[in-house]
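The block underneath contains the structure these notes are about, expressed in structure tokens.
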Amino acid sequence: MLSPVIEVEALTKEYRSRAAVSDLTVTVHPGRVTGFLGPNGSGKTTTMRCVLGLTRPTSGTTRVLGRPYRDLAHPMRRVGALVDPRARHPGRSAYAHLLALARSNALPASRVDDVIELVGLESVAHDRVGGFSLGMGQRLGIAAALLGDPDVLLLDEPVNGLDPEGIRWMRELLRDLADEGRTVLVSSHLMSEMEDTADHLVVLGRGRLLADVPMSDLLGAHSAVRVRSPQAPLLAAALQRAGAAIELQIDGSLRVEGLDTDQVGDVAFLSGVRVHELTQVTASLEAAYLALTGDDVEYRAAAR
Amino acid sequence: MRGVPFSAVVGSEWTKLWSVRSTWWATGVFVLVVGAVGALAAASTDTADRPEVAVQTALIGFGFGQLALLVVGLLTVTAEFASGSAVSTLTAVPRRTRLLLAKTVVVVVWCLLLAVVLAALCFLAARTLTAVPGGVPPTDPAVLRTLGLQAGAAALVGVLGIALGTVLRSTAGAVMVGTALVLVLPPVLALSGPRWAERLAQALPMVRVGQDAFFSVPTSWPVGMAVVAAWAVGAWVLGAVLHERRDV
């Protein structure tokens, strides 16, 4: 595996008495999309802000490409960041906003036109950004992040406010960027979005690391086989003897954990049980995520 | 690899300055107030004993107009925090004192440019509208000093604006504190009477018109300019230290 590009070591950030991030150690690697997942208030944004040098950690260190963010010679050429879609002066045009950013890192003005075209904002480039919708704001934020053609991308909730077409566009963009060997860290509280985008997941809950795993592992750990049979009780008994955990579903089918489809099929054949349906059920990331974060939600609606 | 040159950061701040309307509004107010008041003051002053007195009378609009430069300066910082654009800016330029220096260069140049142009116009008004024995020669050292001090005072007010904006991070707060320091407190203290209040007024960064304190306790121009410069630089350094330490 390539060496880590983003390193967070024993990071703690406290606001007054509340710890936003507690002793977080995690690394992010190039060439894949890393999903940064967690409920609201779990510390995703705080961690990203610390990595970008916007927020001072209470303790611990963060490094990008081997050094603190502030020490990067050309920050925008190395790292593209989207932290807050409202992070711009409402009275400035999209073009002027990007031009000022480009100039600050000695990037050619032609890059501004390039990224405006890339995100599809040509028609509104000279309008004041105060009138932009959230989705247009996100596109402008992405344009700013891509200005320096950076090796590393840190995007906080980039699909927030995008329409379905925009979400698909974003997904493909992130995929392409990762395939080019760049490091992509994307935060989201939308599990369904991550499921289609990320290769690797870092899950936070209440500022602590809950999981740092490949997407397939997390999904695999919570996947099962669905089998439907007119002789369900017989089959269930046979499967249990084979070591599986069985759960009877409301539609009469069985949910089998601990065996794959081949094994379930073989058990049914050997027991002489007829099978009408045999399906691999991949757990939704949502279910896996809820299983992980169930106890670590900071803000929860009161049970009624 | 060598880093981004400082001139690039200055260029970026220059782009930001001209690309918002507030800059042009404040500049318009400055030009209007200083120009109109200067012309009126010169026109209503028939005669003056010495050329620098005639010029100083025409510069009287600077007394109020400089507030617009204070606002230009503080907005370059507070507008970033009000809108959240400070996040974009500091991600692009993480070396914060360098960023503040670039902002200061841009604001000082802008304030100097405006002040020089307006001071020249005020000089022309005095020269054409006020009768002075021997005329108002542009090469008179006292006249040149008066005009130069005015441009210097305007630049210092811009720096004070940036500094207050950086320390307070709030447009309303910085405008209030800035106006109190340069325009409200000095005359109020001067009028209140006691000796200590007069001393205090002299120690405030009061707005200056040419060589004189505007509506406040007079000080010689070297003392007055030194006080204003000390406040501007002191507040700037405090702002830079806080800027380095604080979260965005």
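Please read all numbers here as calculations on a predicted model, not as lab measurements. A note on names: the letters A, B, ... follow the listed sequences, proteins ahead of strands, and every chain is numbered from 1.
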Check your understanding: Do other residues, nucleotides or ligands put more than 12 heavy atoms under 6.0 Å from A:Arg171 CZ?
Key -> yes

Practice item. Would you mind checking which part of A:Ala144 comes under 4.5 Å of any heavy atom in chain B, side chain (CB onward), backbone (N, CA, C, O), both or neither? Key: neither

Practice item. Would you name the heavy atoms of B:Ala92 and A:Pro75 that are closest together and state the gap between them? Key: O-CG, 3.6 Å

Review point. What option among B:Arg21, B:Arg95, B:Arg246 has the most heavy-atom pairs under 4.5 Å with chain A?
Key: B:Arg21

Practice item. Measure the spacing between CG of A:Asn105 and OG1 of B:Thr91 and express it to the nearest 0.5 Å. Key: 10.5 Å

Point to revise | Least distance between heavy atoms, A:Ala100 atom then B:Ser12 atom | key: O-OG, 2.7 Å

**Study point:** A:Arg103 CZ to B:Ser7 OG distance, which is reported to the nearest 0.5 Å
**Key:** 11.0 Å

Revision key, fill the gap. Between B:Val4 and A:Ala106 the two heavy atoms that sit nearest each other are CG1-N, 4.1 Å

Review point. Hey, which residues of residues 76-89 of chain B are touching chain A, say heavy atoms under 4.5 Å apart?
Key: B:Ala79, B:Ser83, B:Gly84, B:Ser85, B:Val87, B:Ser88

Review point. Looking at SG of A:Cys50 and CG of B:Asp247, how far apart are the two atoms once the value is rounded to the nearest 0.5 Å?
Key: 7.5 Å

Exercise for review: Could you please state which residues from residues 24-37 of chain B sit under 4.5 angstrom from chain A, measuring non-hydrogen atom to non-hydrogen atom, sorted by number, or 'none'?
Suggested key: none

Exercise for review: Provide the closest heavy-atom pair for A:Arg92 versus B:Val20 in the form atom of the first, atom of the second, distance.
Suggested key: NH2-CG1, 3.5 Å

Check your understanding: Between B:Arg245 and A:Arg56, which heavy-atom pair has the shortest distance, and what is it?
Key -> O-CD, 2.7 Å

Practice item. Tell me, out of A:Met76, A:Arg49, A:His89, who's got the most heavy-atom pairs with chain B below 4.5 Å. Key: A:His89

